There are 2 protein chains.
Amino acid sequence: MDTTHRTTDQQKPAEQRRRELLEAADRVVLRDGPKASMNAIAAEAGITKPILYRHFGDKGGLYRALATRHTDALLAALRAALDAPSDRRRRVESTLDTYLASIEAMPQVYRFLMHPAEESHQSEQGFDVGRHSAPLLRRMGEELGQVIAERIDLGAGGEAQARIWGHGIVGMMHAAGDWWLGERPCSRAALVTALADLLWGRLSLADDRPDGPGF
Amino acid sequence: MDTTHRTTDQQKPAEQRRRELLEAADRVVLRDGPKASMNAIAAEAGITKPILYRHFGDKGGLYRALATRHTDALLAALRAALDAPSDRRRRVESTLDTYLASIEAMPQVYRFLMHPAEESHQSEQGFDVGRHSAPLLRRMGEELGQVIAERIDLGAGGEAQARIWGHGIVGMMHAAGDWWLGERPCSRAALVTALADLLWGRLSLADDRPDGPGF
DNA sequence: AGCAGTACGTTACCTTCGGTAACATCAGTC
DNA sequence: GACTGATGTTACCGAAGGTAACGTACTGCT
């Protein structure tokens, strides 16, 4: 009963502490890349491992908390772009550009979220991100599908179609963005235009090459 | 000099042995999922760890060899679908269906290739696949981009655009397929049609919902 | 004042895994 | 018969995730 007093007194510092730990983890991940170990994170936070485990349960818990911070921000930005008051094409381009700008702005975070042990030459035991990146993409796909279903009249079976498109478009965005971030073969604007063109059916409209059968 | 005799005598069994080991690894991966350990694979092959390391260098090497077997088959199937003698839409649908049929036929292999430690409740140290799934998607994206560039006349800057589209389409296919494989929300044919429709620009052609602004 | 509870923190340890060194064995060659 | 080279073994290392046991400071209660 009277524990409420104590707990409320402690809960604020607890949340605060949690935030500090997450920020420390963030710093380590940004510095050491995805091969950051629990020991390293604990050291950066000025504490030791068991505290991390008391706060986050296991490594997955820490990662989940860490990922949520970033993915929430990304999702909010995407929702804003999706809700902007302009025509459909512009909104698609704006959404694509928002996503690409985000991953361009924080490539370290992005790589951590999406690609586990990228540059670890020894003992490739990084954060097991493959298990968590999928949920992120799923979330984005589901949300986009929902937006499509809400906004566009696709007739019978439109909701199913909208979900498929949501996941498909997110996957397209993700794969193209990932490749682009690695090779930087063109400007962001060019990539956005090309992807929007693809979504706008230019693949079906382009002429065949004269020398061979059409694709 | 005369070592040639010996080496030729040994090289055939060596290749054979390698195949046996790969098949054993395959079995373990299919059975134990992605949490298969080198010890488990060696045990399944009836040998011990160091032999695996002599054959494949490190875990990445084993995985690469293992992945190559499957991805080569997949890529060959995709190439065949891409080269079929029919119109562009049919070929796109056929390629999508080939990919989806492949991952549907061997979901275990697919999950192993794409998702690391999916269902490991303890010590999530699986094959570090996130590092290798990307290269597979990259390869597919590059190949598709090349095919698009070869077959379709996209005017100036067409090659860059074709590469973007290649990676984008592969990403779309992959993400939608991954989601579909997990939830099975519809038939394969329906998924193929929906994705082909998306690629054919139906997103830009559909009407807005009457009650809200257009997407 | 003295006591119980609770969160914080540490050291020391366990297990598992990837990876390797050292040694043993059996084939064919000179 | 000694030599070479591949195949196989046992035993081990280091690093990682994760945990148990213990100590400590602060709190409110009696």
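So you know, we letter chains A, B, ... as the sequences are listed, proteins then strands, and number each from 1. Since this is a predicted model, take the numbers as computed values, not measurements.
- Rounded to a whole Å, the CG atom of A/Asn39 is 11 Å from the P atom of C/dT11.
- Closest to the side chain of A/His55, from the set C/dC8, D/dT19, C/dA21, is C/dC8.
- Candidate nucleotides D/dA16, C/dA21, C/dT11 were compared by shortest atom distance to the side chain of A/Ser37, and D/dA16 ranks first.
- Spacing between atom NZ of A/Lys35 and atom C1' of D/dG14 amounts to 15 Å, rounded to whole angstrom units.
- Of the side-chain N and O atoms in B/Thr48, none sit less than 4.0 angstrom from OP1 or OP2 of D/dG8.
- Interatomic distance, NZ of B/Lys49 versus CD1 of B/Ile41, reported as 11.5 Å (0.5 Å rounding).
- Rounded to whole Å, the distance from CG on B/Asp32 to P on C/dT16 is 15 Å.
- A cation-pi arrangement is absent between B/Arg163 and B/Trp165, since the terminal nitrogen or guanidinium carbon is not both under 6.0 Å from the aromatic centre and inside a 45° cone about the axis.
- Following rounding to the nearest Å, A/Phe56 (CZ) and D/dT19 (P) show an atom-to-atom distance of 15 Å.
- Side chain of A/Ser94 to backbone of A/Arg90: no donor-acceptor contact under 3.5 angstrom is found.
- Annotation: A/Glu20, atom CD; neighbour count of heavy atoms from other residues, nucleotides and ligands within 6.0 Å is above 12.
- Taking only side-chain atoms of B/Lys49, from C-beta outward, the nucleotide of C/dG19, C/dA21, C/dC8 with the closest atom is C/dG19.
- Of the candidates C/dT20, D/dT19, C/dG9, the closest approach to any side-chain atom of A/Ile51 belongs to C/dG9.
- In this structure, the CG atom of B/Leu52 is 14 Å from the C1' atom of C/dT20, given to the nearest Å.
- Summarising the geometry, the separation between CZ on B/Arg18 and P on D/dA6 is reported as 16 Å, rounded to the nearest angstrom.
- Across all strands, A/Ile47 comes closer than 4.0 Å only to sugar-phosphate atoms, never to a base (heavy-atom distances).
- Mapping A/Tyr53 and B/Pro50 onto DNA chain D via the closest heavy atom, the residue that lands nearer the 5' end is B/Pro50.
- Checking D/dT10, C/dG9, D/dG8 against the side-chain heavy atoms of B/Arg17 singles out D/dG8 as nearest.
- Atoms CZ (A/Arg54) and P (D/dA20) sit 11 Å apart, rounded to a whole Å.
- Of the possible donor and acceptor atoms, none in the side chain of B/Trp179 sits under 3.5 Å from a partner among the backbone N and O of A/Ile164.
- Between C/dC8, D/dG18, D/dT10, one nucleotide has an atom nearer to the side chain of A/Asp58 than all others, and that is D/dG18.
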